[in-house]
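Everything below concerns the one structure shown next.
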Amino acid sequence: MVYNTLLQQVQDVIQHSIHNNIMQEQVEFVVEPAQRGYGDVSSNVAFLLSKRLRQSPAQIASRIVDGCHTSSEGLIKSIQAHPSGYINAYADWDKLTQIILTASTQDGYGSMTSDQSCIVEHTSVNPNKALHIGHARNVIVGDVISRILKKAGYTVKVLNYIDDLGLQVADIVLGFKHLKYDMESPLGVKFDAYCGDTVYVNTNIQYETHPELLDIRNRILYNIEQGDTDDARMAEQITRQVLAAQLETCWNLGVSYDILNFESHIVLSGMWHEIFDRLKSMKITKFETKGENTGCWVINDKVLVRSNGTATYMAKDIPYAAWKVGIIPDPFKYVEYEGQPGSTLYQTTLQDGADMSFNVDMVITVIDSRQSNLQNIITNILADMGSKKYIHLGYEAVTLSRKTATGMGIDTDGQAQMSGRRGIYVGVDAVYKALYDNAHHETSKRNPKLDSHALHLISHALSVATLRYEMIRQDLGRAITFDMDTSTRLDGDTAPYILYSYARACRILERVPNFDHNCTPNLNEQKERELLRLLSMYPLVIRDATSNLSPKVVARYCHDLAVAFNAFYESCTIIGSGKYESGRLYLTEAFSIVMYNALSVLGIDAPHKM
RNA sequence: GGGCCCGUAGCUCAGUAUGGAUAGAGUGUUGGACUUCUAAUCCAAUGGUCAAGGGAUCGAAGCCCUUCGGGCCCGCCA
């Protein structure tokens, strides 16, 4: 860690000076990258000591600085006391430049080592409809979190939970059976979209005029849960087909999984009874004999098991969560699910298959914050049962902008909440298509000689990058208002802006593929320093993103890096700059390597040309 | 009624974890830069009582309390 080394050295030098000249006690203080114009590293230690020593921060800063001794082997060139009270250190950039260039171009730069392992569950969309843009945030946040953790050295297993039982599935079965929908989707329409847009929505409309259908739905639901019935077989056939279509969408965005967990397997495995017995014996749940919940098993006034003996939605989540944290034995075997590009995907089975081990240190469940209450209860139940591994990673939902909603013929006062049941949503596939067409148009305009395959690859990369970046660049606690027009933008704080800077660097390196890596780089311009500084910060970015489980940290870093490179590119000639050329090419190469690496943590593949 | 999230430039957002130096980007508007490594770029100007009030602090956008505004959750639905 290049920058960390510098920070550490400054910290040590200040610590020594305080110890020798000011006081014996240890003091906690912060050493951080400096703001622009104040050197390279700053410390606020003088402020902290001000009260205790009854002196002004400026006085203390001078005393500390006077006692600082920097060795010629270190990375610090000088340390100064600023009148404000800050202590600012200036790095020895001749040394630092060489170190940064060497480190950042090495394999695995930014990676951390860890013996920890974790599960990340995300996506988990009911298999009765296509993914909408709200689901996309879940999918992409989850995918990026798993990539960040891998970069941080964790062993990561990515799970996708398929709720192939339940009311939404019964709705679809009823639609096909009783409302006579064709089992084939129309030509050119994906099966998931057909189920969600046509069958599911229209079935729900029918309930309003034909309430007798609700009884039929309940019977279907019962049959599905029993397994080995015609309805169950039909449900399986449909949900499998929808799942395949949904996975196609996810895979297209560069998202992959390790395990598919089926709710039907969880139910048939009998895990629920095991958990329920434990909840009862540990007195975590109690049986109500009076009040409005009479005859129910409850946890803190929340019904777990209804008076008719069936489990609620919350209850159904508990066995899976308990299995994830490993407090009940694994009843499943695993077989391959065919078709995932790049890595092997497994699915649970109750028949023959391989065994797997899921003994992990941390379990992250990506679900939007509307489910925070429920997730808190589950977290507490698991804690009561002895596991503190469970983390609910929440994020605010995606709504449609008024303009986009109106454009779809949705009547709204302001933003519109999406609803699969009512058919109010923007599908992921449709957004991808719009982004792709846009990227294709712009790319072919700029590269008229490009063949159609190359054009396709670039357009695909650009559209996936754009969608991914839109879904993670904001804080998880902030709701995203999705707008079709602003999302297809190409300038400013967008993926195309970032990718453009990378493509620029690639073109330069293509023109001069060989240069002297052993040169003494002559990189003293301010723009060059700024770029070097950012390159050296990459490991700290990965560390921050990991400890905060925050995708946006990496996204912002990529953007900052692109800004720094574009500034360097504009102000410094690279090719043909004589004694500067090798150093600048080296810097360009280091930038391209780190940028490619950082983008890959976001699941973004950067094209060499666009 | 209880709980969670948000409120920073006209608009979209960083910065709040760990309080410190002139509060930063993008977009918009206005004006500039392609004979020169891709102008999907860059430069400049413009734009702020950090929702409001109080508190603790030498020092608050950040911490504590209160209020206001916006979103979401609180079912023997899932």
Side-chain angles (χ1 to χ4, degrees), chain A residues 28-30 32 34-38 42 44 46-48 50-51 56-57 82-86 88 126 163 165-169 288 292-298 301-314 316-317 368-374 376 394-397 399 414-415 417 421 439 442-443 445-447 462 473-481 483 486 489-501 503-512 544 547-548 550 552-553 556 559-560 562-563 566-567 569-577 584-585 588 609-610:
Chain A
E28 290 277 312
F29 59 93
V30 175
E32 57 195 348
Q35 282 183 41
R36 217 202 182 96
Y38 296 100
S42 298
N44 66 345
F47 294 103
L48 304 177
S50 171
K51 191 170 190 182
S56 74
H82 190 268
S84 64
Y86 265 103
N88 298 324
N126 288 336
D163 189 358
L165 300 179
L167 226 46
Q168 355 76 28
V169 177
E288 288 284 358
E292 56 182 351
N293 293 335
T294 303
C296 301
W297 287 89
V298 300
D301 292 333
K302 299 288 287 184
V303 173
L304 193 69
V305 176
R306 303 183 186 99
S307 54
N308 68 4
T310 56
T312 59
Y313 175 67
M314 174 177 78
K316 287 166 79 177
D317 257 13
D368 77 76
S369 334
R370 286 174 299 194
Q371 305 228 36
S372 289
N373 279 342
L374 201 60
N376 281 338
Y395 59 91
E396 290 293 316
T399 56
Q415 297 153 11
Q417 276 237 38
R421 197 164 43 81
E442 298 291 336
T443 307
K445 198 166 72 187
R446 290 169 176 83
N447 303 277
L462 282 174
R473 54 182 254 262
Q474 294 184 8
D475 192 88
L476 297 180
R478 196 182 275 273
I480 292 180
T481 304
D483 184 90
T486 49
R489 248 177 51 225
L490 300 170
D491 53 347
D493 188 4
T494 62
Y497 173 86
I498 295 168
L499 294 177
Y500 185 65
S501 72
R504 273 181 155 176
C506 287
R507 297 311 300 281
I508 290 168
L509 295 169
E510 275 166 23
R511 282 174 188 238
V512 192
D544 270 15
S547 56
N548 295 320
S550 181
K552 81 170 173 199
V553 172
R556 300 205 71 83
H559 179 254
D560 291 348
V563 169
N566 278 332
Y569 176 95
E570 294 283 343
S571 76
C572 304
T573 304
I574 299 166
I575 297 170
S577 58
R584 287 177 177 170
L585 284 167
T588 303
K609 175 186 285 197
M610 61 186 269

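Order of the sequence lines sets the chain letters (A, B, ...), proteins ahead of strands, with each chain counted from 1.
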> For C68(B), what is the paired nucleotide under Watson-Crick or G-U wobble rules, both distances under 3.5 Å?
Replying inline: G7(B)

> Which part of the nucleic acid, if any, lies within reach of Glu292(A) when heavy atoms closer than 4.0 Å are counted: base, sugar-phosphate only, or nothing?
Replying inline: base

> NA contact type, Asp483(A), heavy-atom cut-off 4.0 Å: base, sugar-phosphate, or nothing?
Replying inline: nothing

> Less than 5.5 Å between centroids and less than 30° between ring planes, does Phe47(A) satisfy that with G59(B)?
Replying inline: no

> How long is the gap from CD1 on Ile575(A) to CZ on Arg584(A), to the nearest 0.5 Å?
Replying inline: 12.0 Å

> Tell me: CG of Asp475(A) to C1' of G15(B), nearest whole Å?
Replying inline: 11 Å

>> Please report the distance, rounded to the nearest Å, between OH in Tyr569(A) and P in U36(B).
In response: 11 Å

>> I want to verify a distance call: between A78(B), A21(B), G2(B), whose nearest atom is closest to the Asn373(A) side chain?
In response: G2(B)

> If you check every side-chain atom of Ser42(A), which of C5(B), A21(B), U41(B) has the closest atom?
Replying inline: A21(B)

> When you check the phosphate oxygens OP1 and OP2 of U12(B), does a side-chain N or O of Arg489(A) lie under 4.0 Å from one of them?
Replying inline: no

>> What verdict does the side chain to side chain contact (heavy atoms under 4.5 Å, CB included) test give for Asn44(A) and Phe29(A), after you've listed the backbone C-alpha separation in whole Å, the side-chain angles of each residue and the deciding distance to 0.1 Å?
In response: CA-CA 7 Å; Asn44(A) 66 345; Phe29(A) 59 93; 4.2 Å; yes

>> Can you say whether a donor on the side chain of Thr443(A) sits under 3.5 Å from an acceptor on the base of A40(B), or the other way round?
In response: yes

>> If you apply the rule side chain to side chain contact (heavy atoms under 4.5 Å, CB included), what do you find for Tyr395(A) with Ile480(A), and how did you get there?
In response: CA-CA 10 Å; Tyr395(A) 59 91; Ile480(A) 292 180; over 6 Å; no

> Under the 3.5 Å rule, do the base of A40(B) and the side chain of Thr494(A) count as making a donor-acceptor pair?
Replying inline: no

> Which value, in whole Å, describes the distance between the C1' atoms of nucleotides C50(B) and G19(B)?
Replying inline: 15 Å

> Given the P atoms of G10(B) and U66(B), what is the spacing between them in whole Å?
Replying inline: 30 Å

> CD of Gln168(A) to CZ of Arg421(A): how many Å apart, nearest 0.5 Å?
Replying inline: 12.0 Å

> Does a side-chain N or O from Lys552(A) land closer than 4.0 Å to OP1 or OP2 of G15(B), or not?
Replying inline: yes

> Has the side chain of Arg556(A) got a donor or acceptor that lies under 3.5 Å from a partner of the other kind on the base of A14(B)?
Replying inline: no

> For the base of C76(B), is there a side-chain donor-acceptor partner from Ser307(A) under 3.5 Å away?
Replying inline: yes

> U27(B) and C68(B): how far apart are their P atoms, nearest whole angstrom?
Replying inline: 38 Å

> Of all the nucleotides listed (A40(B), C37(B), G7(B)), which has the minimum atom distance to the side chain of Ile508(A)?
Replying inline: C37(B)

> With nearest nucleotides of RNA chain B determined for Lys609(A) and Asn308(A) from heavy-atom distances, which residue corresponds to the more 5′ nucleotide?
Replying inline: Lys609(A)

> Which comes earlier along RNA chain B counting from the 5' end, the contact point of Gly477(A) or that of Ala439(A), where each point is its nearest nucleotide?
Replying inline: Gly477(A)

>> Check this one for me: any side-chain N or O of Gln417(A) less than 4.0 Å away from OP1 or OP2 of C72(B)?
In response: yes

> Counting side-chain heavy atoms from CB outward, which of U41(B), U12(B), G71(B) is closest to Arg473(A)?
Replying inline: U12(B)

> Between atom CE in Met610(A) and atom C1' in A40(B), what is the gap in whole Å?
Replying inline: 5 Å

>> Taking only side-chain N and O atoms of Gln474(A), does any of them lie within less than 4.0 angstrom of OP1 or OP2 on C13(B)?
In response: yes

>> Nearest to the Asn88(A) side chain among C37(B), A21(B), A17(B), which nucleotide is it?
In response: A21(B)

> Are OP1 or OP2 of A40(B) and a side-chain N or O of Arg446(A) less than 4.0 angstrom apart?
Replying inline: yes

> Any idea if C72(B) is syn or anti, going by the 90°-from-0 cut?
Replying inline: anti

> What nucleic acid atoms does Ser50(A) come within less than 4.0 Å of, heavy atoms only: base, sugar-phosphate, or nothing?
Replying inline: nothing

> Out of G26(B), C5(B), A78(B), which has the shortest distance to the side chain of Asn126(A)?
Replying inline: A78(B)

>> Would you say Tyr395(A) places a side-chain N or O within less than 4.0 Å of OP1 or OP2 belonging to C4(B)?
In response: no

>> Between Arg504(A) and A39(B), is there a contact of a side-chain N or O with OP1 or OP2 at under 4.0 Å?
In response: yes

